[in-house]
Asks: 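This is the structure, below, for whatever I ask next.
Note that ligands are numbered from 1 as they come in the structure, with each ligand's atoms numbered from 1 the same way. Start at 1 with the first residue, then count along the sequence.
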Amino acid sequence: MALRVGVIGGGQLARMMIAPAVEIGIDLRVLAEEEGMSAQLAATAVGDYRDLDAVRAFVRDVDVVTFDHEHVPQDVLRALVADGVAVHPGPDALQFAQDKLVMRARLAELGIPQPDWAAVRDADELRAFLDAHGGRGVVKTPRGGYDGKGVRVVRAGSEADDWFATLGDGEALLVEELVSFVRELAQQVARRPGGEVVAYPVVETVQRDGVCAEVLAPAPGAPQRLAQMAEGIGRTIAEGLGVTGMLAVELFETDDERILVNELAMRPHNSGHWTQDGAVTSQFEQHLRAVADLPLGDTSPRAPWSVMVNILGGPAEGTLEDRFSAAMSDQPAAKIHTYGKAPRPGRKVGHVNVAGDDLDDAVYIARAAAAHFA
Ligand code: ADP
């Protein structure tokens with residue numbers, strides 16, 4: 001009987017696991033939040049991932065549980081583990097992707113380079129940090145942020161009062177130094193429960209309005225030393241935190257050639273979508289292999305350069321289907337991926353991958369295809 005992998009969460013990451021699951025003979029099942037989710041095709045149940053009974057009912061018929069997102073509460077995860085369910089990544093690892101303060105403290109213990117940071121409970125503590133860091137800082141809500149929500153650049157201790165007001169007993173905000181980075185990078189690795197780790201080449205990620213817009217793989221002009229440093233950081237974190245499955249480490253490259261860890265994702269990640277068409281093993285297949293404890297696949301690029309451009313829902317007229325078909329006809333070398341989601345302004349509804357020998361050509365083709373949606 002095929003190995004059954006259950007994915008909690010029905011978004012596009014779960015959706016993009018479906019094709020590789022079919023290819024390598026995994027029986028993929030999805031617990032979707034509602035009907036009509038991106039991963040509808042494999043959704044065998046609809047339920048609330050915060051509801052232990054709903055999650056227990058879903059996992060009864062699977063061999064391994066993994067995730068489309070990091071929001072399943074710790075008490076639900078720990079109850080599953082106590083039931084004897086194989087959960088990858090497990091709660092001990094996932095806590096570091098769920099809470100940025102917990103992550104900062106653990107990375108400090110591991111000696112991983114990261115921005116200066118502090119846990120602050122009120123405006124006075126924030127002010128003291130800002131005074132010691134040139135009068136500026138980045139305040140973050142430790143939990144629940146995504147796509148730049150829950151991140152604020154501040155210049156005064158009072159600029160986070162609305163967030164301080166929401167804190168419960170014993171809770172704090174994270175403040176970080178405002179890093180003047182030259183660009184953002186991402187390092188992905190995959191780790192099996194037994195410890196085998198493989199690494200993808202470090203990539204450059206370009207953000208617009210707090211959302212990933214483009215990815216260039218490998219990171220153009222990255223000296224070997226930098227690439228090795230990024231890979232070393234990825235491996236140390238995967239091992240030190242006991243991550244199973246895919247791990248993405250978002251990084252800042254500074255003008256003095258240091259790299260600092262911004263944040264972690266323990267699942268396939270937007271920075272790795274290029275691997276679908278640009279690497280021997282895509283991050284989605286790799287994630288399935290890793291969580292199912294199968295031998296990991298080759299991470300080598302298939303072409304010298306790969307480019308990924310996200311497609312966001314925009315004001316464009318006509319149906320999304322028309323746009324996809326126009327993009328396909330205009331740019332046959334572009335690999336177009338759709339998420340089956342209703343287009344709302346700013347919402348990720350798909351992406352374009354192009355792999356080739358020439359970086360400028362690949363960028364041109366990918367942007368030209370994506371421009372049909374703008
Ligand atoms: P999210 O969890 O919403 O993705 P991040 O922590 O990744 O939030 O921050 C979103 C963006 O804000 C980053 O991609 C980066 O551009 C910017 N940013 C975050 N932290 C810092 C920092 N310490 N210094 C400078 N810019 C930052």
Asks: Any Lys/Arg nitrogen of Glu263 or Lys100 sitting under 4.0 Å from an Asp/Glu carboxylate oxygen of the other?
Replies: yes
Asks: As an exercise, identify every atom of ligand 1 less than 4.0 angstrom from a heavy atom of Glu250.
Replies: 7 (O)
Asks: Is it the side chain, the backbone, both or neither of Val179 that has a heavy atom closer than 4.0 Å to ligand 1?
Replies: both
Asks: May I ask you to say whether Glu239 pairs ionically with Arg235, meaning some side-chain N is under 4.0 Å from a carboxylate O?
Replies: no
Asks: Would you call Asp63-Arg29 a salt bridge at under 4.0 Å N-O?
Replies: no
Asks: Which atoms from ligand 1 have a heavy atom of Phe181 less than 4.0 Å away?
Replies: 16 (O), 25 (C), 26 (N)
Asks: When you check the gap from the basic side-chain N to the acidic O, do Asp75 and Arg78 get nearer than 4.0 Å?
Replies: no
Asks: Hey, would you say the Phe284 and His273 ring centroids sit under 6.0 Å apart?
Replies: yes
Asks: Looking at Arg121 and Glu171, is there a salt bridge between them, counting it only when a charged N and a carboxylate O are closer than 4.0 Å?
Replies: no
Asks: If you count the atoms of ligand 1 from 1 in the order shown, which ones are under 4.0 Å from a heavy atom of Lys149?
Replies: 3 (O)
Asks: Identify, by atom number and element, the atoms of ligand 1 in contact range of Phe252, meaning under 4.0 Å from any of its heavy atoms.
Replies: 15 (C), 18 (N), 19 (C), 20 (N), 21 (C), 22 (C), 27 (C)
Asks: Mark whether atom 13 (C) of ligand 1 lies under 4.0 angstrom from at least one protein heavy atom.
Replies: yes
Asks: Do me a favour and list the nearest non-hydrogen protein atom to atom 3 (O) of ligand 1 with residue, atom name and distance?
Replies: Gly148 N, 2.6 Å
Asks: For atom 2 (O) of ligand 1, which candidate among Arg183, Lys140, Lys100, Glu177 holds the nearest heavy atom?
Replies: Lys100
Asks: Testing Val102, Leu77, Leu241 one by one against Gln95 for a side chain to side chain contact (heavy atoms under 4.5 Å, CB included), which residue passes?
Replies: Val102
Asks: Looking at Arg258 and Glu253, is any side-chain nitrogen of the basic one under 4.0 Å from a carboxylate oxygen of the acidic one?
Replies: no
Asks: Just jot down the ligand 1 atoms closer than 4.0 angstrom to any heavy atom of Glu176, in number order.
Replies: 20 (N), 22 (C), 23 (N)
Asks: Under 4.0 Å from a heavy atom of Glu184: give me the atoms of ligand 1 that qualify, with their elements.
Replies: 13 (C), 14 (O), 15 (C), 16 (O)
Asks: Heavy-atom contacts under 4.0 Å between Asn262 and ligand 1: side chain, backbone, both, or neither?
Replies: side chain
Asks: Classify the contact between Leu178 and ligand 1 as side chain, backbone, both or neither, using a heavy-atom distance cut-off of under 4.0 Å.
Replies: both
Asks: Tell me: protein heavy atom nearest atom 4 (O) of ligand 1, and distance?
Replies: Glu263 OE2, 2.8 Å
Asks: Does any non-hydrogen side-chain atom of Pro220 lie less than 4.5 Å from one of Glu204?
Replies: yes
Asks: Which residue and atom name correspond to the protein heavy atom nearest atom 9 (O) of ligand 1, and how close is it?
Replies: Val151 CG2, 3.7 Å
